[in-house]
Amino acid sequence: MKQNKVGCPRVLLADDLPEVHEKLIQLLRHDFDIVGSAHDGEQAIEAAKTLNPDLLILDISMPLLNGIQVASRLRETNCKAKVIFLTIHEDQDYVEAAFSMGALGCVLKPRFTTDLIPAIEEALRGRRFTSEFPARSV
Amino acid sequence: MIDCMKRQLTEQVDHNLAMTKVRQKRWLIQRCRQQFRSRILEKLTVVSLTCCLSWLPGIAASFKPVRRVLVLYEASLSYPAVANVDRAIRDTLGKSPYQIEFYSETLDAVMLPDERSQLELGQEYVRKYRDHKPDLIIAEGATSLTYIVHAHDKFFSGIPIVFCAVEEHFDRTMPGSYVTGTWMAFDAAKTLEAALQLAPSTRHVVVVGGVGKYDRMVEASVKESFGSYESRLEFTYLVDLDMSSLLERLSRLPSNTIIVFTDFSKDSTGTLFVGATQSLPMVINAANAPVFVLSDTFVGGGAVGGSVVSWASQGRVAAETAIRIFKGERPQDIPVLREGTKYMFDWRALQHWGMNEKNLPPGSILLNRQPTVWELYKWFIIGGISLIILQALLISGLLWQRARRRKAETEVRESERRFRLVANTAPVMIWMSGTDKLCSYVNRPWLDFTGRGLAGELENGWLESVHPEDLTACLDTYKQAFDRREPFTMQYRVRRHDGDYRWVLNRGVPRFNDDHSFAGYTGSCVDITDRKLAEEALSTVSRRLIDAQEQERTRIARELHDDINQRIAMIGMEADELQQNLPESAIELRNRTDELQSHLSEVGIEIQAISHRLHSSKLEYLGLVTACKSFCNEIAEHNGVAVEFTNENILQPVPKDVSLCIFRVLQESLTNAIKHSGAQRFEVDLRAIAGEMQLTVRDDGIGFDAAAGMVSRGLGLISMRERISLVKGVLLIASQPGGGAEIIARVPVIAKAGTQAVSELGVA
C-alpha cells in the first residue's frame with residue numbers, strides 16, 4: 001500500500017447515507033485518494049464522468065437511479081473506473097446482476113471492514129471479489 | 001254663250017208663261033197657302049217670343065225662323081255622288097236653328113247635255129221660282145253654278161249663292177260678291193303615290209275615262225298631276241274608246257300595270273253610263289289590273305281606292321256656309337274653301353290583288369274590312385282564356401295543395417315508420433300511455449321480454465306481469481306522478497317470458513302537444529337485474545378486500561412482533577449480558593461480537609424477506625425476468641415443489657406498471673396453484689409476442705371450474721383480472737376439474753412517453 005496520496009488510486013464514493021460515507025472515508029483515507037462523494041444515482045454518474053476515478057464504490061439502493069442502473073449507464077460511456085458494489089442484499093441474484101454490469105466486486109455492507117479493501121485490491125488487479133454469504137433459508 | 005243663254009232663258013220664260021198658267025195657278029195657290037202658313041207661323045213665333053220669352057223660355061226653342069233653300073244639282077239624284085251631296089245638305093241644314101224649306105232641282109247636264117234641253121230646264125226653273133224666290137241657292141257642280149250665276153242678276157237678284165262640287169279648274173274669275181262656296185280638288189298624284197306603295201312593281205299606268213264633259217274635266221286634272229311621273233312610268237290614256245273596245249283593251253293589259261279610273265259617263269259612241277254603278281263595275285270586271293279611283297263614291301265596289309274627294313263633305317260644307325249666311329254673314333266675307341281629299345281603300349280589293357294593308361298611307365279609311373277572328377270574338381277569347389287561366393290556377397292550386405297534403409302525409413308516415421323502427425330496434429323497452437293512464441303502445445323489445453302479445457299489454461294488461469309484491473308501490477308511483485304530470489323513476493320486478501322475475505328500471509316522462517296540452521306519458525324500461533347482481537358482487541368483493549387487508553396487516557404485525565421484535569430483544573439481552581460480563585480473552589470477545597453480528601444479520605435478512613413479500617426490490621433493481629425467476633425459485637424451495645421458469649424474447653425495457661402487474665399475477669396464480677392444485681410440478685413461462693407480454697402459469701393438478709373459481713378462490717382470480725384490465729390486458733383461464741389448469745395473462749406493451757420502464761438486466 002502506498003502512503004502518499006499522490007499516485008494513490010483515486011476513489012469515488014456513491015451512497016445515499018452520510019454515515020456510510022464517513023465510515024468509508026475512515027477506512028480508505030490513508031491508502032486511497034477519495035476524489036468525491038455522490039448521494040444519488042445521477043450525482044454518481046456526473047461525478048464519474050467529470051472526476052474520472054480509478055474506482056467507484058457503489059451502493060445499490062439509491063434515489064433517482066439505483067446502483068445497477070448507474071453501472072449500466074457508465075458502461076455505455078467510456079468510463080474506465082472499476083466498480084465495486086457495496087450492498088445489504090445478501091442474494092446471489094444481485095451478485096450476478098453486478099458482475100453482468102461489469103463490476104469486479106460485490107461487498108456486503110456488514111462485512112465492509114474486512115472485505116472492502118481486499119475487494120479493491122482484487123479489482124485493481126482486474127479480478128473479481130464477492131463477500132461470502134452466511135448460510136440461511138428464505 | 002252666256003248672253004245667248006240669258007236671252008233664250010228670258011224668251012223661254014215669257015213663252016212658257018201662257019203654257020203653264022193653269023199649272024202655275026195651282027202651284028201658286030199651293031205656295032200661297034204654304035207662305036201664308038209660314039208667315040202666320042213666323043208671326044206667331046214672334047208674338048210668342050215677345051210675350052212668353054220672359055216666362056216661357058223653353059217653348060221659344062220650338063219655334064224656328066223659316067229659310068227657303070233651293071239646291072240646283074248638275075245631275076240627277078240617281079247619281080250616287082249627287083245623292084251623297086243631297087243627303088249631306090239635308091242633314092246639315094236639318095240640324096240648323098232654322099226651319100228649312102228645301103227645294104231641289106237638277107239640270108241633268110249628263111243625261112241632257114244639249115243646249116236646248118238645258119235652256120228649257122233653265123227657263124222652267126226661272127219660271128218656277130220667279131214669284132217664289134228662295135233665301136239662298138246652293139249650286140252643285142260647274143254647270144249649275146254657271147247657270148245660276150248667269151240667271152242671278154235677272155231672276156235671282158240679291159239671293160246669295162253657295163256652290164259646291166265644282167272642280168277647282170273652273171273659271172274662277174266669275175263676277176259677283178253674292179257667290180261663295182267650296183272647290184272640289186282632285187288629287188291624282190296622291191292616288192298614284194299610294195298605288196305605287198301598294199304595288200311597287202308598277203311600270204304602266206292606264207288612265208281610263210269617258211268623253212263626257214265632266215269626264216274630260218277630271219281627265220284634264222289627272223293629266224296635269226301625272227306630268228311629273230312620265231319620266232319613270234309609262235302612261236296610257238284610254239279616254240276616247242267605245243265601251244266594248246275599252247273593256248277588250250283592259251282585259252289584256254301587260255303585267256305591272258295599274259288603272260286610274262277618272263270617270264266614265266259617256267263613251268265614244270255616245271252611250272251614257274253612271275260612273276259608280278255602271279261603267280266602273282264593267283271596267284273592274286274586265287280589267288286584269290287593279291283599278292284606282294279619285295272619288296269616294298267609286299270605292300267599295302271592287303276598286304282598290306285612292307286619295308278621293310268626298311261628295312258628302314262638299315254638301316256638308318255648302319250647307320254650313322248657307323247657315324252662316326242665314327245668320328247674317330255676307331257671302332263676300334266668307335272665303336271660298338278648298339276641300340281636299342282623303343285616303344279611302346277597299347279591303348276586299350286589297351286582298352284580291354295581294355296588296356299589303358301595312359303599305360297603306362297613314363290615316364287611310366279601309367272599307368269592307370272583314371274583322372279578324374280576334375276582332376270579332378276578342379271579348380269571348382279574352383273571357384275564355386281568362387276562364388281557362390283561372391281554372392288552370394285553381395287546378396294548380398288544388399294540385400299543389402294535394403301534393404302538399406300528400407307530402408305531409410308521407411312525412412307523417414315516414415316519421416311514424418322511423419319512430420317504430422327506432423323504437424323496435426332500441427335496446428330498451430318503450431311504452432306510451434294516453435291521458436287516461438292506460439297503456440297505448442309498447443315496442444317489440446317489450447313484447448319479446450314478456451313473451452306476450454300486444455293486446456295483452458295494452459291498457460292495464462302490463463300490470464299482470466308485475467311481481468305481486470311490487471304491484472302496489474308500482475301503481476302508486478305511476479298514478480301519483482301521472483296526476484302531477486311529473487317525470488318518475490321506479491324499480492320493480494317483471495315476469496320475463498321464461499317465468500323469471502327480472503328487476504327493471506322504468507322511467508316515464510309526460511308528453512305534451514304543440515298547444516301545450518297534456519298528451520299522456522312516454523317511458524322506457526331496462527332490465528337491471530345483472531346490474532343489481534353486480535352491485536351485490538361488488539359489495540362482496542369490497543368486504544373481502546377489507547378482510548384481506550386486515551388479514552395482511554395482522555400477518556405483518558405478527559411477524560414484526562412475534563419474530564423480529566423477539567429477535568431484537570434477544571440481541572439486546574445478549575449485548576447487555578456481554579457488557580455486564582466482558583470476557584477477558586480478546587478471542588472470546590471477538591467470538592461474542594461475531595455472534596451478535598450474525599444475529600443482527602439474520603434479523604436484517606428476515607426484514608428483507610418481509611419487505612420482499614410486500615414489495616419486490618428485485619423487480620425494481622433487477623427487472624421482471626430476474627424477479628420472476630427469483631420468485632419461482634424461492635416459492636419452489638419454500639414449498640418443496642418443482643417450478644420450471646422459462647423466458648423468451650424479453651428484450652426491451654418493460655413499462656413499470658406492466659412488469660408490476662405481471663409479477664403480481666405470477667405471485668397470485670402460482671401461490672394459488674401451489675395451495676389448491678395439489679400438483680408437484682409447475683411451469684411458468686414469460687415471453688414477448690407481437691407487442692404483448694404473455695405470462696403462462698401451468699400445473700397438472702386437480703383443476704377447477706373457471707366460473708366457480710372466480711368466487712370460490714376468493715380474491716385471487718378477481719384481483720388478477722382487475723389488475724390485468726387496468727393495463728388493458730386479458731386473463732384467460734383454461735381449466736377443468738381433473739384436467740390441470742392454465743392461466744394466461746396477456747398485456748400489451750406499448751411504450752408511452754413518460755412511462756417508466758424497468759430494464760431487463762443480464763441482457764440489456
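Here is the naming used below: chain letters follow the sequence lines, and residue numbers restart at 1 for every chain. Keep in mind it's a predicted model, so treat the numbers as computed, not measured.
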Q: Working to the nearest 0.5 angstrom, can you tell me the gap between B/Leu622 CG and A/His89 NE2?
A: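 One finds 8.0 Å between CG of B/Leu622 and NE2 of A/His89.
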Q: For a 4.5 angstrom cut-off between non-hydrogen side-chain atoms, does A/Asp91 reach B/Lys618?
A: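 A side-chain contact exists here, since the closest heavy-atom pair is under 4.5 Å.
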Q: If you draw a 6.0 Å radius around CZ in A/Arg73, do more than 12 non-hydrogen atoms from other residues or ligands fall strictly inside?
A: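 Atom CZ in A/Arg73 is not packed in, count stays at 12 or less.
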Q: Test A/Glu90 against B/Ser601 for side-chain hydrogen bond (donor to acceptor under 3.5 Å, both in side chains), laying out the working first.
A: CA-CA 10 Å; A/Glu90 293 183 19; B/Ser601 179; 3.1 Å; yes
Q: With side-chain hydrogen bond (donor to acceptor under 3.5 Å, both in side chains) as the test, would you mind laying out the steps for B/Ser617 and A/Tyr94 before giving the verdict?
A: CA-CA 11 Å; B/Ser617 59; A/Tyr94 284 91; 3.0 Å; yes
Q: Within the supplied structure, the quantity of interest is the number of heavy atoms (other residues, nucleotides, ligands) at a distance under 6.0 Å from B/Ile587 CD1; does it exceed 12?
A: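 No, because the 6.0 Å sphere around CD1 of B/Ile587 holds 12 heavy atoms or fewer from other groups.
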Q: Let me confirm one number: the CD1-CD1 distance from A/Ile88 to B/Ile607, rounded to the nearest 0.5 Å.
A: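 Here the rounded value is 9.5 Å.
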Q: Please find the pair of heavy atoms, one from A/Asn66 and one from B/Tyr621, that lie closest to each other, and give the distance.
A: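 Result for this residue pair: ND2-CD2, 3.0 Å.
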Q: Take a 6.0 Å sphere around CZ of B/Arg555 and say whether it holds more than 12 heavy atoms from other residues, nucleotides or ligands.
A: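 More than 12 within 6.0 Å, yes.
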Q: Would you say B/Asp576 has more than 12 foreign heavy atoms packed within less than 6.0 Å of its CG?
A: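 Buried by this count: over 12 neighbours within 6.0 Å.
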Q: For B/Glu550, does the CD atom sit with more than 12 other heavy atoms under 6.0 Å from it, leaving out its own atoms?
A: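 Yes, enclosed.
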Q: Heavy atom to heavy atom, less than 4.5 Å: which residues from residues 12-25 of chain A reach chain B?
A: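 Expected list: none.
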Q: State plainly whether the residues A/Asp93 and B/Lys629 are in salt-bridge range, i.e. N to O under 4.0 Å.
A: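 B/Lys629 and A/Asp93: not salt-bridged.
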